[in-house]
Amino acid sequence: MSRNYPLLFKLVLTQLGILLLGFFILVFVYLFTFQAQIDSTISTLKEQVTPVLAEKEEEWRAWNYLGLNEALLSEKNKLIKQYPIESIEIIQRKDLPNQLRHTAIVLPKKNKNPEDYVLYAEISSKTLKNAIEAQRTLFYVFGCVASLFLGSVIFSALFIFKNIYRPIMALNQFFLNRKEDVSLEFNKLNVIGEMKQFVDALEEMLKRNQKFEKQEAYLELAGQVAHDIRSPLEALKSFKIEINEIPENKRIQLELSINRIEEIAFNLLKNYKQNKNKEDVRSEELHSLVKSILIEKEIEYRFRNVLLIEKFNENSYGLYSRIQRNSLKNIISNLINNGVESVTEGTSIITISLYESDGFNLIEVSDNGRGILEENKASLFNKGFTTKESGNGFGLYHAKKIIEAAGGKINFHSNSNSGTTFYITLPKSSPPLHHLDAIHLYKYDKIIILDDDLTFHEVWKNKLLEINDRVEHIYSAQEMLSKYKTLPFNTLLLTDYGLMDDSFDGIDIVLKLNHMHDSILVTARYEEQEIIEKCSRYNIPIISKTSLSVIKVIYKDPHLIQNCNIVLIDDDKFTRLNWEMYCKRKSISITCFKSIDEFLFHYKNFDSIVHIFLDSNLGENIRGEVESEKLAKLGFVNLYLATGYDQEMVLRPDWILKVCSKSPENIIEILK
Amino acid sequence: MKNKMTSVICLILFSKLAFSSSLPIVGYGSSDAVLNAKNQELFLMGFQAGFQSNLRKSDIKDLLIIDQVSDGSQLGSMKVAERLLSKGVSLIAGFPTSHEALLAGSVARKFGVLSIFSGAGHSDLGKMGPTVFTTGESMELAVETMLKFIRKKFPNKTGMLISNPYAVFSKNQEDVTIQKIRQKINQDIILYPAHLSKSLTLSQQDILKIKKKEISYLVITPYADESARLLEQLQKNEIDLPIITNSSWTTGDLDFGRRFMVSLKSPTYCQALWMKGSKDSIPFERLIQKKYGRPATSEIANGYDLGVIVAKVLNGITGPITKESVLNSFKLQKCFSGLSTGRMCFNPNGGHAEKKINFVRFTKEGFVPVEFK
């Protein structure tokens with residue numbers, strides 16, 4: 001047993017050892033307490049009897065000497081009946097037994113003369129027997145408890161052997177022989193309780209592990225594919241410069257596709273390296289996500305009779321939902337594939353829409369196919385349900401699970417022969433820090449586009465047609481750095497991330513030029529975590545190249561106060577309040593600033609013809625008549641000096657139209 | 001436990017006597033196991049009177065040592081005897097009850113020392129050998145005399161023999177009586193035996209028996225003081241029957257039962273050795289009156305007779321005083337006269353004195369002799 005079941009052997013041996021030890025302790029305690037009980041009983045009885053005997057002892061000895069035997073016998077019998085005494089004798093000391101028993105009482109104690117008569121009494125054996133019996137009963141009880149304990153040891157050993165040890169050994173054997181592909185029938189392990197929970201969890205884990213091993217193999221394969229694909233991809237990218245002859249839209253498509261392949265290869269390789277099999281759930285920008293799928297699909301179906309229609313507008317950009325990016329891509333890709341396959345005759349028209357509805361993001365994928373049969377509608381999302389010959393019925397089932405896990409819904413509307421529309425509804429999530437809702441060009445005097453890809457320069461040219469005179473195109477990092485050590489104020493830098501043949505990427509350039517606050521990274525690798533983290537660290541917004549077509553370009557400041565007629569720049573709060581109150585009464589639009597710097601921060605919001613009143617004393621020795629020159633240089637023409645001093649005393653520069661008092665009533669006159 | 005009080009008195013130096021030994025010669029002892037201290041004192045008074053008045057030798061010093069135990073100890077007399085013997089006495093005297101005499105005698109006989117006890121009547125004293133003697137009458141003689149008296153006074157009547165099984169004298173008398181009435185000569189005497197309980201009273205059954213008039217007379221064997229509760233019980237049950245007692249009633253303190261005895265119409269008969277006012281007794285009575293200023297009692301008479309005997313034994317010694325010479329002197333004299341009871345003889349083999357036993361009847365004025373021959 002010790003060799004086959006060392007753990008169980010030790011357990012049983014220990015328990016038996018404890019039992020044996022307990023037994024010895026029990027016997028010892030029993031014997032000790034037994035003797036102690038006997039001694040105690042004898043002692044108690046002696047204490048009870050001795051005084052009585054001591055009282056009689058002398059009289060009885062006298063009677064013995066005097067031959068009053070009847071009286072003696074009568075008295076002795078009386079006492080024996082009354083007290084726990086076995087026998088009483090008056091005998092000579094020399095006739096006493098050599099070895100007196102514990103139960104013996106000899107009186108008087110002091111008399112040592114062997115010829116003298118003494119009282120020799122014995123404690124009742126019946127009383128002692130009763131005490132011993134009581135003690136024995138206790139021993140029997142102990143014995144029963146010990147037997148129960150022994151029984152429990154055996155039972156627990158058998159129980160452990162059957163329900164824990166044997167299953168563990170079976171599992172152990174299974175693990176030892178696992179390489180030999182030996183299977184284990186978990187349901188035959190015959191386990192219960194927590195052990196069953198453990199075995200179930202183990203079984204589940206093994207199943208997951210098997211799946212993981214398969215995924216690992218796929219991942220390894222993917223890694224190999226990604227690795228192998230990079231070399232020809234690099235070659236393909238080197239030809240990009242030479243494909244300018246291709247029409248622009250095709251060229252962009254090709255460019256995006258190459259970037260997408262590169263991106264996929266990168267992700268595959270990254271996942272492989274990180275040994276990741278689970279994608280993070282992040283807040284994803286849905287337009288770029290859907291757009292990337294559409295680009296793939298356009299290429300996939302370019303030789304087929306498939307028409308992909310994008311129904312995106314400027315509002316489609318900047319919609320974020322928390323979901324696994326690749327899973328959603330797969331879902332949309334599958335829906336498009338299903339839509340294409342559902343059209344048996346003519347052109348497959350697939351329409352993709354993305355918009356916001358009732359606080360949710362909605363993706364619609366419509367086809368003009370044959371529709372879903374009524375009888376299949378209810379089972380469409382069931383596991384294993386498929387109408388395709390080669391399908392496995394997991395696509396829509398997983399799609400539903402993933403969408404619902406993200407807090408969303410997927411449903412469909414289908415009419416026979418008039419197509420099907422799938423609706424994916426996802427909860428909105430907050431955009432990440434690196435998100436840019438639109439390109440606000442009104443802030444900048446100059447825009448620099450840094451990209452090694454000529455096609456994207458063309459895209460930008462079309463996008464920024466209105467302000468092309470303020471746009472500078474740069475094609476490499478070297479060119480950028482040789483031209484600029486720093487970038488001027490009010491200059492926006494739109495830079496790609498990967499710059500071919502350069503040792504610097506776009507973020508490196510931004511950092512070198514120390515132009516983080518007025519730069520935007522425009523890249524097809526906008527999904528890469530490394531790039532996102534980098535941008536977040538330096539507060540650089542990211543735009544996906546695929547979203548360039550939909551991202552808003554704002555030329556004019558939305559905060560521009562179109563109807564503002566009056567601007568007051570005065571450091572005195574009460575003056576500002578007074579003017580505001582006055583203008584409110586007169587329904588005149590007024591904006592007040594406490595300093596020229598504050599106004600300069602917002603000056604683009606105002607038309608150059610706005611009437612600007614400046615206090616002559618703006619505090620800290622700042623003179624309105626002096627500082628107003630800055631405003632004049634910015635093109636503001638209607639400048640007035642409002643002063644609390646004598647107007648005659650104030651020097652009026654040429655760019656100041658008039659010097660007036662601080663009374664807001666001046667406004668009416670000037671506006672007239 | 002009673003307080004133990006042992007008093008040892010070494011006294012009586014007779015400067016006129018010229019014994020060469022410096023050790024005490026006579027040890028007088030007693031204990032209050034049966035008789036109370038007052039009665040014991042009366043015995044001692046008599047002993048001293050008899051001893052002093054009869055001792056002739058003038059060169060005897062440190063003759064007497066007295067050791068008394070008055071703690072109620074049952075083995076007190078044994079201890080006293082041991083103590084006296086350990087002091088080297090050549091004669092043991094005193095111990096005036098059978099209880100004391102038997103215990104002291106059992107010690108003294110081992111030492112081969114002459115022991116003479118006063119008044120003890122237990123029959124076993126006659127079996128203790130040639131060194132143990134008592135001035136008391138023999139129990140056999142006393143019982144025989146009593147049975148003769150019964151035959152005469154209560155012929156063909158049933159009596160009740162009342163004894164105390166816890167008192168050695170009483171029990172001995174009962175034993176000897178039963179033994180005697182089994183003899184052919186006493187076949188006409190019917191005595192129903194009854195035992196006193198520990199509380200010294202008869203059982204209700206016995207009382208009922210008496211009340212049914214199945215009993216014509218009572219033979220009371222315990223001492224007078226031991227019988228006080230019995231007499232009270234008889235009075236309460238309105239039993240008024242003739243009572244026959246032994247010599248202890250005339251020797252001991254009768255006052256314990258006097259209150260009940262005077263109320264009885266039936267006579268109370270006692271055995272008596274000393275007859276007050278008799279010719280033999282008058283010199284003794286005068287001596288006592290002269291010496292102690294009080295009338296003589298039977299206890300004093302008993303003590304006196306022993307004192308006279310002991311003095312005469314010492315007077316009879318010719319050579320050095322040893323236990324052997326003392327014993328020889330006693331045995332050579334054998335009979336002693338000048339006693340309160342006249343002349344008293346002893347069997348050299350030991351035992352009781354040979355003397356006449358009289359019957360007396362109790363009256364308020366004292367005992368009155370009863371002729372029954």
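Every chain is numbered from 1 and lettered A, B, ... according to where its sequence line falls, protein lines coming before strand lines. Atoms considered below: every heavy atom in the structure, side chains included; atoms not considered: hydrogens, waters and symmetry mates.
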Exercise for the section: Side chain from CB out, backbone as N, CA, C, O: work out which of these in Glu70(A) comes under 4.5 Å of a heavy atom of chain B, or both, or neither. Expected result: side chain

Completion exercise
The reported gap from CG in Asn69(A) to NZ in Lys171(B) (rounded to nearest 0.5 angstrom) is 9.0 Å

Handout entry: Heavy-atom contact with chain A under 4.5 Å, split by part of His195(B)
Key = side chain

Problem - Residue selection (most heavy-atom pairs with chain A, distance under 4.5 Å) from Asp175(B), Asp124(B), Asn164(B), Leu103(B) - result: Leu103(B)

Exercise for the section: Can you establish whether the number of heavy atoms outside Phe198(A) located under 6.0 Å from its atom CZ is more than 12? Expected result: no

Fill in the blank from the handout: On a heavy-atom basis, the closest approach of Leu102(B) and Leu66(A) is CB-CD2, 3.4 Å

Practice task
Measure Glu75(A) against the heavy atoms of chain B and call it side chain, backbone, both or neither at under 4.5 Å.
Solution key: side chain

Exercise for the section: Count the heavy atoms of every other residue, nucleotide or ligand shown that sit under 6.0 Å from CD of Gln92(A), and state whether that count exceeds 12. Expected result: yes

Handout entry: Distance (rounded to the nearest 0.5 Å) between Glu57(A) CD and Leu75(B) CG
Key = 7.5 Å

Problem - Straight-line distance of Leu68(A) CG to Gln74(B) CD, nearest 0.5 Å - result: 9.5 Å

Exercise for the section: Using a cut-off of 6.0 Å, state whether more than 12 heavy atoms not belonging to Gln205(B) lie near its atom CD. Expected result: no

Problem - Criterion side chain to side chain contact (heavy atoms under 4.5 Å, CB included) on Tyr166(B) and Glu59(A), from CA distance to verdict - result: CA-CA 10 Å; Tyr166(B) 305 99; Glu59(A) 188 178 39; 5.7 Å; no

Handout entry: Proximity breakdown for Ala33(B) and chain A, heavy-atom pairs closer than 4.5 Å
Key = neither

Exercise for the section: Sort and list the pairs that fulfil salt bridge (Lys or Arg N to Asp or Glu O under 4.0 Å) and have at least one residue in residues 135-144 of chain B, not counting sequence neighbours. Expected result: Glu144(B)-Lys180(B)

Handout entry: Atom pair CH2 (Trp63(A)) and NE2 (His99(B)), whose distance is rounded to the nearest 0.5 Å
Key = 10.0 Å

Fill in the blank from the handout: Residues Ala71(A) and Pro165(B): closest non-hydrogen pair is CB-O, 3.2 Å

